[in-house]
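Both ligands and their constituent atoms are indexed starting at 1 by order of listing.
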Amino acid sequence: MSAMKWWGWGHEGVEFTHEDKPDLAPFIERVLGIRIGPRTEAPVRFEDLPVPEPNLPDELASTLRAAVGDEYVSVNRLDRVVHARGKSLRDLILQRRGDLRRVPDVVVRPGAEDEVSAVMQAALEADAVLIPFGGGSSISGSLEAPADETRPVISVDLGRLDRVLEIDAASRLARVQAGVPGPQLEKQLEARGYVLGHFPDSFPHSTLGGWIATRSSGMQSDRYGDIADLTKGLRMVTPPGMLVARPIPATSTGPSVRQMVLGSEGRLGIITEATVEVRRLPEKRVILGYLFPTFAAGLAAMRAIAESECSVSVTRVSDAHETQFSFATRKRPTVLDKLQSRALRTYLQRRVGYDVEHMALSFIGFEGSEAHVARERKAVGRIVRAHNGLCIGSGPGALYDQKKFDTPYIRDFLLDRGVAGDVSETAMPWSRLQPVYDAVIAAAERAFADLGVQGYIMCHLSHSYHAGACLYFTFAFPPSPGGDLLAEYDVVKSVIQQTFVDNGATLSHHHAVGTEHARWLGQEISEPGVQMLKALFEGIDPGRHLNPGKIV
Ligand SMILES: Cc1cc2nc3c(=O)[nH]c(=O)nc-3n(C[C@H](O)[C@H](O)[C@H](O)COP(=O)(O)OP(=O)(O)OC[C@H]3O[C@@H](n4cnc5c(N)ncnc54)[C@H](O)[C@@H]3O)c2cc1C
């Protein structure tokens, strides 16, 4: 996998455009009170970045070269800058401003587990810091070295560990190297008739090791489970040696070491491989679009589906604001599209009694044998109708499926126009869904008003569980006149995060802790919980060589 832009999402040359979406610019102009024209802001030029000279003692450099080979030890400026941070909004703003802070001194690319061990050994002996790097898609500040770190900082890029090693067909378990990015992993599995089914929005630019280290969740988790469910075993290089959690379906051997590694964000070691649960490729896959009269009706339908015997792959429903945004991102419609959508609006208003300003767009995915899919569609259809919902066919679902990985580019499009756009996601029991939603929307609106900015916040339910669901909020605003975008972003983001914990929801359902969410961790897991984590990190890594400053 080639590296992403140093200042934004995805590869150079790939960007989001509004030009093929005629309703989008007017929509953004209306809701944010700005003019969408050509870009008004650009990142500083790479040549002008103040990249510090690497702090890499000769002896450490030669041990690293001996460990992985000369060509896999890089002090190249671009390489170091790309590995300095992930892709949180803060990361993007600071990178674009040229505010680099603590750039890693060297990037190493081990090609085998014993090379990872040799790099670990070299770092411990030289009193250096190691930061594992998967795809670099972290959204919670998990990759940046502390600004005041004086020791050499080594970014360990796992990208060469990218193979499926073996598949145990009887157990449907695959042994996979940790640096494999999503697309390469699914391609290798598909060639052998299997699928992992883990599809985060960051799929093209994130890796198995990164997913495990952040407790990631994919959009089809309703069927496949989160990465914490899919990971059955793993191997990790740690300061005291090789940690092995064997792939056992269930075990009663004390607190789960496997679970301790899940979400450890590089603080316990470098994951080299994992054994993950895989499934046979489904015979049929379809995502259907639905409309509900209100978000509340859509949420109630999702809860009823979770409570029923249905097993679907995707449950997603957007609130009215996000539904309007989705409609605004439609590409240039054909005459037939226009007629159909006008006819649909009339039908919704006159025959079904919807107020189109409040309706909620939903997607529900089905996978499995033809017979299973047909049965599930019927059963879900009954639940949807009971909540006054309406199926709008597979066209919108197919479109959503195609463009789902394009949305991360929108943040750069907005930043190019001086606008902050970001996300905050959480999970809670079903009984808390509506109160959390109401509290977050009210808190964000208050924060926009206090700052004197015209902001927009929207939300969708993105993952359902037996006992609750994930709500995913997206917000955007231009800064106040003379205001600092980053400082004002901090205000809005903090208000939303605080509202989560105050209302019985989690700090993060799948974006991890990093540095962005660390200050709320005590409220999330209680002080003894924080002490346990500290003791764990200090016990395994007393010299604080492993990604210091993250989580706690
Ligand atoms: C626009 C956008 C959309 C996103 N959508 C989703 C989503 O839908 N679902 C979701 O779950 N997340 C999402 N994320 C967050 C991010 O993609 C996940 O956290 C992802 O799991 C990170 O994987 P990565 O390979 O990029 O890891 P990195 O960003 O490279 O690293 C993340 C953390 O994991 C550690 N790490 C990485 N590899 C290893 C390893 N082999 N051993 C030990 N530690 C390691 C790093 O040190 C760091 O602490 C999104 C992020 C962005 C910016």
As an exercise, identify every atom of ligand 1 less than 4.0 angstrom from a heavy atom of [X].
X	result
Lys87	53 (C)
Ala213	34 (O), 35 (C), 36 (N), 44 (N), 45 (C)
Arg411	53 (C)
His205	26 (O)
Leu158	41 (N)
Gly209	38 (N), 39 (C), 41 (N)
Ser142	33 (C), 48 (C), 49 (O)
Ser216	10 (C), 11 (O), 21 (O)

To the nearest 0.1 Å, how far is [atom] from its closest protein heavy atom, and which atom is that?
atom	value
atom 1 (C) of ligand 1	Pro408 CB, 3.4 Å
atom 27 (O) of ligand 1	Gly210 CA, 3.5 Å
atom 43 (C) of ligand 1	Gly269 O, 3.4 Å
atom 32 (C) of ligand 1	Thr214 CG2, 3.8 Å
atom 26 (O) of ligand 1	Ser137 OG, 2.6 Å
atom 30 (O) of ligand 1	Gly134 N, 2.7 Å

Check your understanding: How long is the span from the OH atom in Tyr472 to the OG1 atom in Thr426, to the nearest 0.5 Å?
Key ->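 Going from the OH atom of Tyr472 to the OG1 atom of Thr426 covers 13.0 Å.
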Check your understanding: Roughly how far, to the nearest 0.5 Å, is the NE2 atom of His83 from the CZ atom of Arg109?
Key -> 4.5 Å
Give yes or no for whether the N/O distance cutoff of 3.5 Å, strictly under, is met between [X] and ligand 1.
X	value
Ser138	yes
Pro132	yes
Gly136	yes
Gly135	yes
His510	yes
Trp9	no

Side chain or backbone of [X] under 4.0 Å from ligand 1, or both, or neither, by non-hydrogen atoms?
X	answer
His511	side chain
Asn547	side chain
Ile212	neither
Ile271	both
Lys550	neither

Assess whether a salt bridge exists between [X] and [Y], defined as any Lys/Arg side-chain N lying under 4.0 Å from an Asp/Glu carboxylate O.
X	Y	answer
Glu367	Arg279	no
Arg90	Glu516	yes
Arg102	Glu149	no

Point to revise | Under the ring pair (Phe, Tyr, Trp, His ring centres under 6.0 Å) test, residues paired with Phe537 that sit two or more places apart | key: none
Check your understanding: Any donor-acceptor pair under 3.5 Å linking the side chain of Asp226 with the backbone of Asp229?
Key ->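 Not confirmed, Asp226 side chain does not pair with Asp229 backbone.
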Would you say that more than 12 heavy atoms from the other residues, nucleotides or ligands in this model lie under 6.0 Å from the [atom1] of [X], or not?
X	atom1	answer
Arg163	CZ	no
Arg544	CZ	no
Met260	CE	yes
Arg246	CZ	no

**Study point:** Sole residue of His198, His510, His463, His511 in side chain to side chain donor-acceptor pair (under 3.5 Å) with Ser217
**Key:**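 Result: among His198, His510, His463, His511, His463 is the only option passing the side chain to side chain donor-acceptor pair (under 3.5 Å) with Ser217.
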Practice item. Answer with yes or no after comparing the ring centroid distance for His517 and Phe500 against a 6.0 Å cut-off, counting only values under it. Key: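 Judged by ring-centre distance (under 6.0 Å), His517 and Phe500 do not meet the cut-off.
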**Study point:** Between Phe295 and Tyr437, ring centroids under 6.0 Å
**Key:**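 Under 6.0 Å, so yes.
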Practice item. Please list all pairs passing the ring pair (Phe, Tyr, Trp, His ring centres under 6.0 Å) test where one or both residues lie in residues 86-109, with sequence neighbours left out. Key: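 Non-adjacent pairs meeting ring pair (Phe, Tyr, Trp, His ring centres under 6.0 Å): zero.
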